[in-house]
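Whatever order the structure lists them in is the order used to number ligands and atoms, beginning at 1. Remember, it's a predicted structure, so these values are computed and weren't measured experimentally.
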Amino acid sequence: MSQALQAVRGMNDILPDEAAFWELFEETVRDWLKGYGYRPIRMPVVEPTPLFKRAIGEVTDIVEKEMYSFVDGLNGEALTLRPEGTAGCVRAVIEHSLAARQTQRLYYFGPMFRHERPQKGRYRQFHQVGVEAFGFAGPDIDAELILMGARLWADLGLDGIELQLNSLGQPDERAQHRAALIDYFLAHADQLDEDAKRRLHTNPLRILDSKNPALQELCGKAPKLIDYLGAESLAHFEGVQRVLRDAGLPFTINPRLVRGLDYYNLTVFEWVTDKLGAQGTVCAGGRYDGLVEQLGGKPTPACGFAMGIERLIALIKESGGEPAAPAPDVYLVHQGEAASRLAFRVAEGLRDQGLDVLLHCGGGSFKSQMKKADGSGAAFAVIIGDDEAATGEAQLKNLRQDGIAQRKLKVDELAEAIIGYLIDSDEEE
Ligand code: HAM
């Protein structure tokens, strides 16, 4: 026997029991997005590599070391499996002039790829729901996007997800802060680790994000960006906070929240739980007013976020959420050639009436088929033998209620009898 192949490390199969959670999650999310007027967009999984370099930034972990990039062997094009969805969404918005004379509220679902060290909650293929709003300059959309998150956690029955908020100001304000930060870290160069030294002149803001305990005190005393924000940036930040306070949504301002992608300005936020261990950020985003223009479009303010589906599903399970076990309405048992031919017709006829039907396939005795019918969770077994087939009839057996006798019905009467019973039992519940 040849050796069985395995999935790529960090890329997971989602098996049927697990997928039931995903479907329930996706249903809830689609309903929620509709409630806020967001419309779906679907972008390719592969994009030109320069798109991500320009959007996310050359000196970021994602671009420096996490992208699955390759050269298309047929035409030499540099391509990358998307590590996130915002860049591709902006590319599509520009390419199809979606935000030229109108605002757009868009969302996407799908796999993203980052070559990270796999661990609980961190995968190399993971899935995001991304939500992006184009053409809105004021703080109201930032606040609405944040409030949306709070509603989704409630819709999913999740609690304990906390909101962290910061403002990254505008590029010129960040430049002043950056210069002050470099001066500060240079004055304490002896305390920096290798990673921090490397970042000092390329991306000093990321040093503040360091997980190294030895750097925490130094980072805590570093110049704060908020002290470099001008009146307009402060007013925008205050505008967001005012709506959140009015809505009664608690938040923490975290001056060290800098995000790992370079396109942000003004508002940035993360939703974090302590129930998932080290990978506790379930949703993150912010404003990226410069990105559309930077990628060749007309200047268009924009704001959005993405959530990690694996992490949210883990949290739903943690909180005891369960999708209802799927069960067909009918399991169709049949034996004999004439019976099998009739069974196909009956199954399709019942489906025409909106019933879910599992048609037994693979033969076997009535007894073994009835066992399977029971195990399927179906409400009814419809049983057809050659005797029944000869008269165009079938036996209807209620599998979920004792004491109801099996009945012989014309096959045309089955749907009505089953639907009548299902309606009655729904009303009783
Ligand atoms: P991000 O913070 O890189 O932002 O990712 C958003 C979320 O995706 C994270 O908070 C996390 O839940 C999930 N995630 C990220 N990497 C992994 C991984 N390796 N394994 C599992 N889950 C992961 C963005 O991607 C931005 N595009 C968000 C955005 C949209 N900003 C504006 N619009």
With backbone taken as N, CA, C and O and side chain as the heavy atoms from C-beta onward, which portion of Ile62 lies under 4.0 Å from ligand 1: side chain, backbone, both, or neither?
neither

Students should be able to answer this: which protein heavy-atom is nearest to atom 19 (N) of ligand 1, and at what distance?
Glu116 OE2, 2.6 Å

Identified salt bridge (Lys or Arg N to Asp or Glu O under 4.0 Å) partner of Glu47 from the options Arg91, Arg82, Arg54
Arg91

Can you check ring pair (Phe, Tyr, Trp, His ring centres under 6.0 Å) on Tyr68 and His115, steps first, answer last?
CA-CA 7 Å; Tyr68 284 91; His115 195 105; 5.2 Å; yes

Output yes when the distance from some N or O of ligand 1 to some N or O of Glu310 is under 3.5 Å, and no in every other case.
no

Is there a heavy atom of Tyr263 sitting under 4.0 angstrom from any atom of ligand 1?
yes

Of all pairs that satisfy side-chain hydrogen bond (donor to acceptor under 3.5 Å, both in side chains), the ones with a partner from residues 29-39, not counting sequence neighbours:
Tyr36-Arg151

Check whether the side chains of Gln279 and Gln119 place a donor and an acceptor atom closer than 3.5 Å, and report yes or no.
yes

Using a 4.0 Å heavy-atom cut-off, say whether Gln128 meets ligand 1 through its side chain, its backbone, both or neither.
side chain

Do the ring centers of Tyr421 and Phe380 come within less than 6.0 Å of each other?
yes

Under-4.0 Å heavy-atom contact with ligand 1, by part of Arg122 that carries it:
both

Gly130 heavy atom under 4.0 Å from ligand 1
no

Measure Arg259 to ligand 1 on non-hydrogen atoms and call it side chain, backbone, both or neither using the 4.0 Å cut-off.
side chain

Regarding Lys197 and Asp193, does a basic nitrogen lie under 4.0 Å from an acidic carboxylate oxygen?
no

Tyr108-ligand 1 polar pair, N/O distance under 3.5 Å:
no

Answer side chain, backbone, both or neither: which part of Phe113 comes under 4.0 Å from ligand 1, heavy atoms only.
neither

Polar contacts were defined as any N/O atom of the residue lying under 3.5 Å from an N/O atom of the ligand; does this apply to Tyr288 and ligand 1?
no

Is it the case that ligand 1 has an N or O less than 3.5 angstrom from some N or O of Gly85?
no

Are any of the N/O atoms in Tyr264 less than 3.5 Å from those in ligand 1?
yes

Polar contact flag, side-chain donor to acceptor under 3.5 angstrom, Thr86-Tyr288
no

Partner of Glu64 under salt bridge (Lys or Arg N to Asp or Glu O under 4.0 Å), picked from Arg198, Lys53, Arg199, is Arg198

Is Gly308 close to ligand 1, meaning an N/O of one under 3.5 Å from an N/O of the other?
yes

Applying ring-ring contact (aromatic ring centres under 6.0 Å, His included) as the test, list every pair that has at least one member in residues 155-203; sequence neighbours left out.
His177-Tyr228, Tyr184-His188

